[in-house]
There are 2 protein chains.
Amino acid sequence: MDDIDEQIVSYLSNHGRASFREVGSHVGLSAPATKRRVDRLLDDGVIEGFAALVDPASIGWNTDVFVSIFARGNIPPDRIRTAVAKVPEVIAAYTVTGDADALLHVRVRDTRHLEQTLERIRQEEFVAQTRSLVVLSRLVERGTPV
Amino acid sequence: MDDIDEQIVSYLSNHGRASFREVGSHVGLSAPATKRRVDRLLDDGVIEGFAALVDPASIGWNTDVFVSIFARGNIPPDRIRTAVAKVPEVIAAYTVTGDADALLHVRVRDTRHLEQTLERIRQEEFVAQTRSLVVLSRLVERGTPV
DNA sequence: AGTGAAACCTAGAACCG
DNA sequence: CGGTTCTAGGTTTCACT
């Protein structure tokens, strides 16, 4: 993981479909050399994959909610992970400091869909209480600054 | 935005570097037809771009924090947007219901870097108070379910 | 809207400094 | 590590349906 790797990662974070030649020209390497580095970065897990960035609203997913989870007793993080991984509407989940045990980022189509999703989350035995913060507007969303 | 478009978007969310031929074979279209649809989806803003998904920890960004912003008086969301857009460590920002006015997702290298970033955020005149929730572990992180 | 063909460019492997 | 070369395959435009 040297300086060139960082430049490659940075460039590919913003131009995920750029050709190796294009990436290489930005970091001063030939296309094959760039590809070898990208393959290694993928192998090492630095680059986890490639994705199209989709505007959720334009495909009908209009409601974002942050749900704080208050758990019964001491719950191992992996237990929470496996539980929320089964709910596709949970697009991110974290264990956090503070009064709550976990914070879920939930993305749903509408409030009816939110109700169903919250119901499903609350059915997990370890969930004692939930508190929802509805997102009014998404101001910024981007990747790690690198 | 028909059924095939949804399939294309769904496939590209998980295989951002797949060839048009490969995408087309999954949705029953030729490569040129697939490319035209993807170009249109980009034009229409449904697909905002393509990105490499980077594991932040492997490049030294080890600390995630959620920062609640309590604003002085009534602040228009755009004012908050322009303010936080200038801080690269803010990887996401939302206006939310509840007691806080905005919720920021901050990603930094370490706690020292966090201190600097919080200082910078607090310097905005409209920020009356902040409350930080430090992420202990990232359990799940993925895109819109589509 | 769609397909198929042609020109051009890229990917991926082999080989060499 | 890096570059160069080569072949297979992808991208993109065009004519046509």
Side-chain angles (χ1 to χ4, degrees), chain A residues 1-62 109-110 141-146, chain B residues 1-62 109-110 141-146:
Chain A
M1 198 63 203
D2 59 8
D3 188 57
I4 295 177
D5 282 340
E6 282 205 10
Q7 287 179 267
I8 290 174
V9 167
S10 170
Y11 193 80
L12 281 174
S13 318
N14 297 307
H15 307 89
R17 273 184 87 87
S19 68
F20 293 123
R21 163 187 285 247
E22 182 183 336
V23 179
S25 80
H26 278 266
V27 304
L29 248 51
S30 69
T34 306
K35 176 190 160 21
R36 278 194 292 260
R37 278 177 179 260
V38 172
D39 284 345
R40 184 173 46 72
L41 289 166
L42 281 163
D43 264 355
D44 295 351
V46 176
I47 297 176
E48 297 171 336
F50 294 91
L53 304 177
V54 179
D55 173 31
S58 69
I59 52 171
W61 294 68
N62 291 298
R109 295 187 164 278
D110 47 43
E141 243 174 20
R142 57 188 169 200
T144 310
V146 185
Chain B
M1 198 64 204
D2 59 6
D3 188 57
I4 295 178
D5 282 340
E6 282 205 11
Q7 287 179 266
I8 290 174
V9 166
S10 169
Y11 194 80
L12 282 175
S13 324
N14 298 307
H15 307 88
R17 272 183 88 86
S19 69
F20 293 124
R21 164 188 283 241
E22 181 183 337
V23 178
S25 80
H26 277 265
V27 303
L29 247 51
S30 67
T34 306
K35 176 192 166 10
R36 270 202 296 266
R37 278 177 178 260
V38 172
D39 285 344
R40 184 172 47 68
L41 290 166
L42 281 163
D43 266 354
D44 295 352
V46 176
I47 297 176
E48 296 170 336
F50 293 92
L53 304 177
V54 179
D55 173 30
S58 68
I59 52 171
W61 293 69
N62 291 299
R109 295 186 165 277
D110 48 42
E141 241 173 20
R142 58 187 170 200
T144 309
V146 185

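Each chain gets a letter, A, B and so on, in the order its sequence line appears, and its residues count up from 1.
Counting any heavy atom pair closer than 4.0 Å across all strands shown, A/S30 reaches a base atom.
Here the C1' atom of nucleotide D/dA8 and the CD atom of B/E22 are 16 Å apart, to the nearest Å. In this structure, CZ of A/R21 is placed 13 Å from C1' of D/dT5, rounded to the nearest angstrom.
Residue B/K35 places none of its side-chain N or O atoms closer than 4.0 Å to OP1 or OP2 of D/dT11.
Across the interface with DNA chain D, nearest-nucleotide mapping of B/R36 and A/L29 shows A/L29 to be the residue nearer the 5′ end. Heavy-atom distances to DNA chain D give each of A/G28 and A/R17 a nearest nucleotide, and the one nearer the 5′ end belongs to A/G28.
Of all nucleotides in DNA chain C having an atom under 4.0 Å from a heavy atom of chain B, the first and last in 5' to 3' order are C/dG2 to C/dA11.
Taking each heavy atom of B/L29 and B/A33 in turn, the nearest pair found is CG-CB, 3.9 Å.
Here salt bridge (Lys or Arg N to Asp or Glu O under 4.0 Å) pairs that include residues 21-34 of chain A, with residues two or more places apart or in two chains, number zero.
When the options B/D5, B/D44, B/D43 are evaluated for a salt bridge (Lys or Arg N to Asp or Glu O under 4.0 Å) with B/R37, the one that passes is B/D5.
In this structure, B/D2 contributes its side chain and B/I4 its backbone to a donor-acceptor pair below 3.5 Å. Proximity of a side-chain donor or acceptor of B/S10 to a complementary backbone N or O of B/E6 within less than 3.5 Å is not detected. A donor-acceptor distance shorter than 3.5 angstrom exists from the side chain of A/R17 to the backbone of B/A18, with no hydrogens or angles considered.
Considering only the side chain of B/S19, D/dT11 comes nearest among D/dC1, D/dT11, D/dT13.
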